[in-house]
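All values below come from the heavy atoms of this structure, side chains included, with hydrogens, waters and symmetry mates left out. In this text the structure is predicted, and so the values were computed from the model without any measurement. Here, residue 1 is the first one in the sequence, and each next residue gets the next number.
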Amino acid sequence: MKSIASVQGWTLDIAVELDRHSMGFAGYFLRASDERRQVIAAYFAMRLPQVDVMESSAMTEHAQLLLGADHQRILIEAFGKIPPGLRPCLARAGGQPHEPRFYRYLHDLLTNPPHQMLASALGRIDKIDLTRLRVLKRLPEDLASGRLAVIMRDVDYVTSALSLIDLLVSANVDRDALIGALVKVESRSQLSAFWRRWALKTTFPRHPVPPSSFYAPIQDGHALKASALRFRNCSERYLAAVLEGKAAFAEFQHVDQHVVVHLLNRRGEWVFESAYGRQNRNVGAAVRSQVLEYLAVHGVFERCDRQKAPGRWEALRDLTSRVTFYDEDDEEEQDG
């Protein structure tokens, strides 16, 4: 005898109720194969939403049908028309029944697929649940991959991914090449690395300061990464800010010194944030002065933070700014 599976929730309640009218039904349901249990659950979802108000004879008829009919007959009684792929999907839906809307959603998706690739992609998902169905429905036809439907964790992720694809294309990334590479991604960890790798292929917005023989704006993602590796700094972390037009980087040469120039966009006005050498080391005053002089010619000046409001004890700061905590007057008072 097949062992009893642990089942909880709404289907167990219905099975117990049917057992009252057809003894042994609950045990049959719990011992059924995973596929059979999913087929019965689909029938429950479509035909038995309110068993507590059904007459005893009707309950008995339902139980006898589910005990004796084959899968195809039960699904026809549940849905009327069975779209191709429905039963194979139920066979891969696991051992635990899903919530009722899962079965309606699956049937509707297969009956009215958004594109021709959906059924094929759905057939490549090993374990189907409601989230996988929603993700797959949200994916456009050229991304309808069973593998992507699994590694993209939910619909919100898909929405963000589609938005990012549009942004990357707007920044001169080839869409066909991007999509071709994306459908080959095999895991969530690879997916995270994929976005960053392809973001490096972007072209940046126009740099606010023109280039010269000693001032070289960083104009794309690969150049930003190369600069970060060369100077061993964290400028690559600003990739999103640069693409948004909120930050910009350049390399500046003064005699035999090379430095990185970091600019920020403050409310539509570009300002100088900093200049630094390898590993974010400070640069000499002469180099800094040359950087600021060149930027000023093109309307970019050093950032001036808004002056802080004076505190209640500001007078103490003003009157003691040149006084240390030890001077000769203190010593004379102690001696006296």
For the residue pair Y28 and F25, categorise the inter-ring angle as parallel (less than 30°), tilted (30 to 60°) or perpendicular (more than 60°).
->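 Rings of Y28 and F25: tilted, as their planes differ by 30° to 60°.
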
Taking atom types as modelled, find out whether [X] and [Y] have a side-chain donor-acceptor pair closer than 3.5 angstrom.
X    : Y    : result
Y238 : H262 : no
Q64  : S22  : yes
R138 : Y157 : no
H21  : T60  : no

Between [X] and [Y], which heavy-atom pair has the shortest distance, and what is it?
X    : Y    : result
R147 : E186 : CD-CA, 3.7 Å
K127 : G94  : CE-CA, 4.3 Å
A250 : P217 : CB-CA, 3.7 Å

Are [Y] and [X] an aromatic pair, judged by ring center distance below 6.0 Å?
X    : Y    : value
H207 : Y215 : yes
H107 : Y103 : no
F231 : H258 : no
F44  : F29  : yes

Side-chain donor-acceptor distances from residues 240-247 under 3.5 Å, at least two apart:
none

Given the rule in the side chain to side chain donor-acceptor pair (under 3.5 Å) test, do S120 and R124 qualify, once you have shown the distances and angles that lead to the verdict?
-> CA-CA 7 Å; S120 176; R124 294 187 177 92; 2.7 Å; yes

Could you give me the CA-CA distance, side-chain angles and deciding distance for R87 and H71, then say whether side chain to side chain donor-acceptor pair (under 3.5 Å) is met?
-> CA-CA 8 Å; R87 183 175 166 184; H71 295 178; 3.2 Å; yes

